[in-house]
Amino acid sequence: AFVATLEDDAKVRAIDRLRSVARWTMQVQLAGEMPSLPAQNSSLRTALMADRSYLDRLMQVSDALGAWITDAQASGALNRALPPEVVLYTLFARACDPVLALLKGSGQHSDERIIEMLLSTCFDGLAGPGPA
């Protein structure tokens with residue numbers, strides 16, 4: 001449903017839609033509402049893979065994000081050298097990133113600051129501008 005709301009506004013750039021999805025998934029995880037990766041729970045994975053409705057929704061989300069990824073790559077907003085599925089899986093990984101809980105547990109940063117830092121590492125990378 002969240003992804004569908006982003007599709008409604010054609011004026012929003014693909015990269016901004018992707019950032020919004022990543023932000024939303026991190027907010028949901030920090031609120032304790034995002035389950036762990038199904039791959040880490042074999043019984044959950046088995047149940048989900050047998051559920052046609054889940055698989056249909058997963059494909060809808062993957063297709064929407066995939067289109068935004070290729071648009072963002074075409075515009076130069078995302079690294080064109082990366083296969084789109086690498087970007088997609090990286091975004092899925094943000095939804096259950098253990099770094100969120102570790103940073104939250106440290107008590108050193110607000111939820112919003114944690115999200116901003118992880119959005120930066122996801123979309124801007126870890127490299128600095130280089131030597132002056």
Side-chain angles (χ1 to χ4, degrees):
F2 181 78
V3 170
T5 65
L6 295 174
E7 289 180 312
D8 291 342
D9 189 351
K11 296 178 191 172
V12 178
R13 297 179 318 150
I15 189 69
D16 295 328
R17 290 177 181 177
L18 293 167
R19 288 181 74 92
S20 292
V21 168
R23 173 184 298 283
W24 176 78
T25 61
M26 287 187 260
Q27 289 170 331
V28 172
Q29 185 185 4
L30 285 171
E33 299 170 11
M34 183 69 71
S36 64
L37 278 174
Q40 295 174 338
N41 182 329
S42 61
S43 60
L44 175 59
R45 178 173 170 66
T46 300
L48 290 174
M49 292 297 109
D51 186 307
R52 187 71 194 156
S53 177
Y54 169 80
L55 292 175
D56 289 345
R57 289 279 185 127
L58 181 60
M59 290 309 299
Q60 288 174 337
V61 169
S62 296
D63 289 347
L65 295 180
W68 298 345
I69 289 165
T70 55
D71 286 352
Q73 287 178 316
S75 74
L78 281 178
N79 186 343
R80 292 179 180 120
L82 293 173
E85 65 269 12
V86 170
V87 178
L88 178 66
Y89 298 152
T90 298
L91 291 173
F92 282 162
R94 295 297 68 78
C96 43
D97 191 338
V99 175
L100 288 159
L102 292 170
L103 289 172
K104 185 174 180 89
S106 76
Q108 296 179 31
H109 308 285
S110 69
D111 287 1
E112 186 56 31
R113 180 68 182 133
I114 291 168
I115 290 169
E116 289 303 321
M117 290 187 293
L118 293 183
L119 282 173
S120 177
T121 62
C122 183
F123 287 94
D124 305 325
L126 296 172

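We count residues from 1, following the sequence as given.
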Q | Audit row: L78, L18, side-chain contact (heavy atoms from CB on, under 4.5 Å) steps and yes/no | A | CA-CA 10 Å; L78 281 178; L18 293 167; 3.7 Å; yes
Nearest heavy-atom approach of Q73 to N79 is NE2-O, 2.9 Å
- Query: Does a sphere of radius 6.0 Å around CZ in F2 hold more than 12 heavy atoms from other residues, nucleotides or ligands, not counting ones at 6.0 Å or beyond?
  - Reply: yes
inquiry  = Does R80, at its CZ atom, have more than 12 non-hydrogen atoms belonging to other residues, nucleotides or ligands within less than 6.0 Å?
reply    = yes
ask   = Does the pair R17/E7 count as a salt bridge with the N-to-O cut at 4.0 Å?
value = no
Exactly one candidate in L65, T25, V87 meets side chain to side chain contact (heavy atoms under 4.5 Å, CB included) with F92; the answer is L65
The reported gap from CG in L88 to CG in L82 (rounded to nearest 0.5 angstrom) is 12.5 Å
Is there a side-chain contact between R19 and L119 in this structure, where contact means two heavy atoms from C-beta onward sitting under 4.5 Å apart? yes
- Looking at side-chain heavy atoms only, is the closest gap between R13 and S75 below 4.5 Å? no
task = Would you indicate whether the side-chain heavy atoms of L58 and S62 approach each other to under 4.5 Å?
result = yes
Quick check: do Q29 and K104 have side-chain heavy atoms less than 4.5 Å from each other? no
- Message: Between Q27 and D111, does the side-chain contact (heavy atoms from CB on, under 4.5 Å) criterion hold? Intermediate values first, please.
- Response: CA-CA 8 Å; Q27 289 170 331; D111 287 1; over 6 Å; no
_A side-chain contact here means heavy atoms from C-beta on lying under 4.5 Å apart; do V12 and W68 qualify?_
no
Side-chain heavy-atom pair R113, Q108 within 4.5 angstrom cut-off: no
To the nearest 0.5 Å, atom CG of L48 lies from atom CZ of R57 at 13.5 Å
So that I can tick it off, tell me whether R94 and D97 are bridged by a salt bridge, with the cut-off set at under 4.0 angstrom between side-chain N and carboxylate O.
yes
- request: State, yes or no, whether a side-chain contact exists between V99 and L118 at a heavy-atom distance under 4.5 Å.
  value: yes
Quiz item: Hey, mind stepping through L91 and V21 against side-chain contact (heavy atoms from CB on, under 4.5 Å) and telling me if it holds?
Solution: CA-CA 8 Å; L91 291 173; V21 168; 6.0 Å; no
